[in-house]
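What follows is a single structure, written as structure tokens, with notes after it.
In what follows, chains carry the letters A, B, and so on, assigned in the order in which the sequence lines appear, proteins first and then strands, with residues in each chain numbered from 1.
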Amino acid sequence: MNYLDTLNPSQRSAVEHIDGPLMVIAGAGSGKTRVLTYRIAYLIGNGIEPFHILALTFTNKASKEMRDRIQKIVGHEAKNIWMGTFHSVFAKILRIEGEKLGYTSNFTIYDTEDAQSVLKDILKEWNLDDKLYKPSYVYHRISKAKNALVSWKKYLQSSEWAFEDEKHGRHRIGEIYKEYASRCFKANAMDFDDLLFNTNLLISNFEEIRQKYQQKFQYILIDEFQDTNISQYSITRMLADKHCNICVVGDDAQSIYSFRGANIENILNFQRDYPNVKIIKLEQNYRSTQNIVCAANSVIKHNKFQLEKKVWTANEKGEKIRLLKANNEAEEARLIALSIFEEKNKRGLSNNHFAILYRTNAQSRALEEALRRLNIKYKIIGGMSFYQRKEIKDMIAYLRFSVNPLDEEAFKRIVNYPKRGIGENTIEKLLVTSHEKNIPFWNVLQQYESFFGKSRISQAINEFVTLIKSFQIQIQQKDAYEAALYIAKMSGVLRELYEDKTPEGKVRYENVQELLNSIKAFTDSPENTDKSLTSFLQQIALVSTADTELDQDAVTLMTIHASKGLEFKNVYVVGLEENLFPSQTMIENREDLEEERRLFYVAITRAEQKLTLSYALQRYRNGKLVACEPSRFLFEIDNRYIEKVQTVSSFSDFENSSPSKFSTQSFFSQHSTTPSYVHIPSPSFKPASASELRVGMRVEHQKFGFGIISEIDHNNQRAKVLFEHFGEKTLILSYAKLMIHLLN
DNA sequence: GATTGGGTCGTTTTT
DNA sequence: CGACCCAATC
């Protein structure tokens, strides 16, 4: 097996360990994915059947990538490995076995929005103060309980949880939890946490199911183990109970998901639960330069909680880490965009070698604008995903409701969209009757007249019921695509959007078409054996923001959380300001601050060759401009690895630097965003590359901006300039005074 | 029951 | 700045 020869001794011993518990502590960039894939290939090479292997990853993308890589070594057999995220694998199992718990196989998966909407209804009905009982907070609390395997019954009994709630004056959370669980159950729906919670119930309460899956999953592998929660660990432990062939891979220094219930102590628990565990540490980093690795180490050493580990690298020393200071958010974005532009020119890199990482999704705006101005292609991972758009959620709600007519959240979205004359009062009446008499509202709907009598409204409701029933028939008879197409047409959603001729309306129409295309792709793909609509819905409910394809040539913008597991030649980490990163809410708690620092560690270790950090002195928050201080994390990096970059960052800096380097000239242009030409000031100046020349500009003594040279035309002594502006959104130029700055 | 306008409010990270 | 909620009208 020649692929083994490419491994170092630690990696190799991890790969060749077949039986018994194994824990791999893998530092950043130490070839963790490689070890996992080779290990699975090695198991198969040693006669273990692929369908006896269960591999759990953090994102769908990671599992897809791993499956592809295994396939390259072992061939088509890789298809039979059970591989996926915790949520997707257990959703699959629940579809098969869920009846034991009272769910049907076409249960709905409620996303965060659906779940919070259920909670909102309860809080409203119970007249609870929605400041004290914010749906997001209640949801978080219930989620936390579920992930710690605390049922609503236990929650109500436990003094510990009640104590925590009473401390904040929220003594009714237990009751809300109970009501919420009951409503989800009646809707034949599970939220994200239920997928794990119910799997736990299934495996612990049903002997025959436990044995069945213990027998099936003889070899279990878990990636990103540091980010698993109690619920996830409990499932895998029960599954591994018989054969004890469980291999976990993780890095305590990269545990960044405690807000989702991730429990870093699982690493310690694992050693306690499996005393004969073999522990292997992967400490050589193959990804980054020495400077980057050392800087990362100098940061993480400030944390108290960590396993002993020395990450090192044999790579070259590399450049120092650059630190940029900007006056404000917009300028920070400009500096980054400019740096990418110059870096591309200087080293012939392409867009996909760059990533910009930030703490919160909202930070992407300024960056987008700056990149657009320089015509640099970019893509944003996360933020508002395709499936979260209103028109898509509406369309999906039709599909969901047709598949599962108990799905209350889907019902509420579509019952009066497009308009049918069924208003809020009617819906409210309907749902109250359903809850009070304990009759599924789908039944109330069908017998609306016998409850409320004949009226214009009952007419509308009957038509709606007939419509949905026709959809149900389509679903039974046709594949997912044909059924969905029928539903899109007959429901009136397509027509409604088609008739909207505003630009946004057109985009929405196209988006729904795009959704239909993706359903077509789903039914056409030979990899999907189950082509039902149910199966499609299940899959899309669990796609994550990090699953987006990365291969097109664009600069990647994303949160640090979404960047886990990825690597880029050049990385920019922006917004390093106190109260932003580390975030304000994290600063109050010492332990949380450690997690925040791990987040910084993750950000740094994404970079292969060049790392740039930046912060702004002013930033907009709540629409107000506030002064910012540099992040405490910046002071924790050992000075040896940092270079502070003096940037020409404002017009006055520009004007005050050495006068001999300037020349002024008049300048005419139609519009600021179109490229313009400027004359190169001194005939003797022959810039070797575009990046050696910058242009500053002043209009009417106050508006100002910078341009950068994108092309040099030596024959005509002129250069093409792309202008960008700050201070004004659009600036139509009629006359400007230019200052040409020669960097050399 | 639908449509419009004004006012308020808030900001972490995600399966 | 924008998303969301509520009250006042058609």
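Annotation: of the two residues near DNA chain B, A/Glu595 and A/Arg456, the 5′-most nearest-nucleotide partner is A/Arg456. Heavy-atom nearest nucleotides on DNA chain B were determined for A/Asn416 and for A/Arg359, and the one closer to the 5' end corresponds to A/Asn416.
Atom CG of A/Leu56 is separated from atom P of B/dT15 by 16 Å (rounded to the nearest Å). Going from atom CG of A/Asp227 over to atom P of B/dT15 covers 12 Å, rounded to whole Å. In this structure, the CG atom of A/Asn425 is 14 Å from the P atom of C/dC6, given to the nearest Å. As rounded to whole Å, 9 Å separates atom C1' of B/dT14 from atom OH of A/Tyr139. Computed from coordinates, the A/Arg597 CZ to B/dT13 C1' distance equals 18 Å when rounded to whole Å. Atoms CD (A/Gln363) and C1' (C/dC1) sit 16 Å apart, rounded to a whole Å. At whole-Å resolution of the value, CD1 in A/Ile222 and C1' in B/dT15 are 16 Å apart.
Residue contacts for A/Thr360: at a heavy-atom cut-off of 4.0 Å it reaches the sugar-phosphate backbone alone, with no base atom in range. Across all strands shown, A/Lys120 has heavy atoms under 4.0 Å from sugar-phosphate atoms exclusively, and none from any base. Among the heavy atoms of the strands lying under 4.0 Å from A/Tyr257 are primed sugar atoms or P, OP1, OP2 only; no base atom is included.
Residue A/Lys390 places none of its side-chain N or O atoms closer than 4.0 Å to OP1 or OP2 of C/dC4. Considering only side-chain N and O atoms, A/Thr559 lies under 4.0 angstrom from the phosphate OP1 or OP2 of B/dT14. One finds no side-chain N or O of A/Thr112 lying less than 4.0 angstrom from the OP1 or OP2 phosphate oxygen of B/dT15.
Side-chain N or O atoms of A/Ser258 include none that pairs as donor or acceptor with a backbone N or O of A/Gly261 at under 3.5 Å. A/Glu331 places a side-chain N or O within 3.5 Å of a backbone atom of A/Asn327 that can act as its donor or acceptor partner. A/Asn303 places a side-chain N or O within donor-acceptor distance of the main-chain N or O of A/Glu594, the cut-off being under 3.5 Å. When atom types are taken as modelled, the side chain of A/Ser434 and the backbone of A/Leu430 share no donor-acceptor pair closer than 3.5 angstrom.
Judged by centroid separation below 5.5 Å and plane tilt below 30°, A/Phe259 stacks onto the base of B/dT13.
In the set B/dT12, B/dT15, B/dA2, B/dA2 carries the atom at the smallest distance from any side-chain atom of A/Lys419. Each of C/dG2, B/dT12, B/dT15 was ranked by its minimum atom distance to the side chain of A/Arg365; first place goes to C/dG2. Listed nucleotides B/dT14, B/dG1, B/dT15 differ in distance to A/Thr426; the shortest reach to its side chain belongs to B/dG1. Looking at the side chain of A/Ile457, the nearest of the listed nucleotides B/dT3, B/dT12, B/dG1 is B/dG1. In the set B/dT15, C/dC5, B/dG1, B/dT15 carries the atom at the smallest distance from any side-chain atom of A/Arg260. With B/dG1, C/dC5, B/dT14 as the candidates, the nucleotide lying closest to the side chain of A/Asn361 is B/dT14. Distance from the side chain of A/Ala562 is smallest for B/dT14 among the nucleotides B/dT14, B/dG1, B/dT15. Proximity note for A/His561 (side chain, C-beta onward) versus B/dT14, B/dG1, B/dT15: the nearest is B/dT14.
No hydrogens or angles considered: nothing links the side chains of A/Tyr257 and A/Glu595 as a donor-acceptor pair under 3.5 Å.
A cation-pi arrangement, defined by a distance under 6.0 Å to the six-membered ring centre and an angle within 45 degrees of its axis, is absent between A/Lys146 and A/Trp152.
Spacing between B/dT13 and C/dC4 at atom P, rounded to whole Å, works out to 15 Å.
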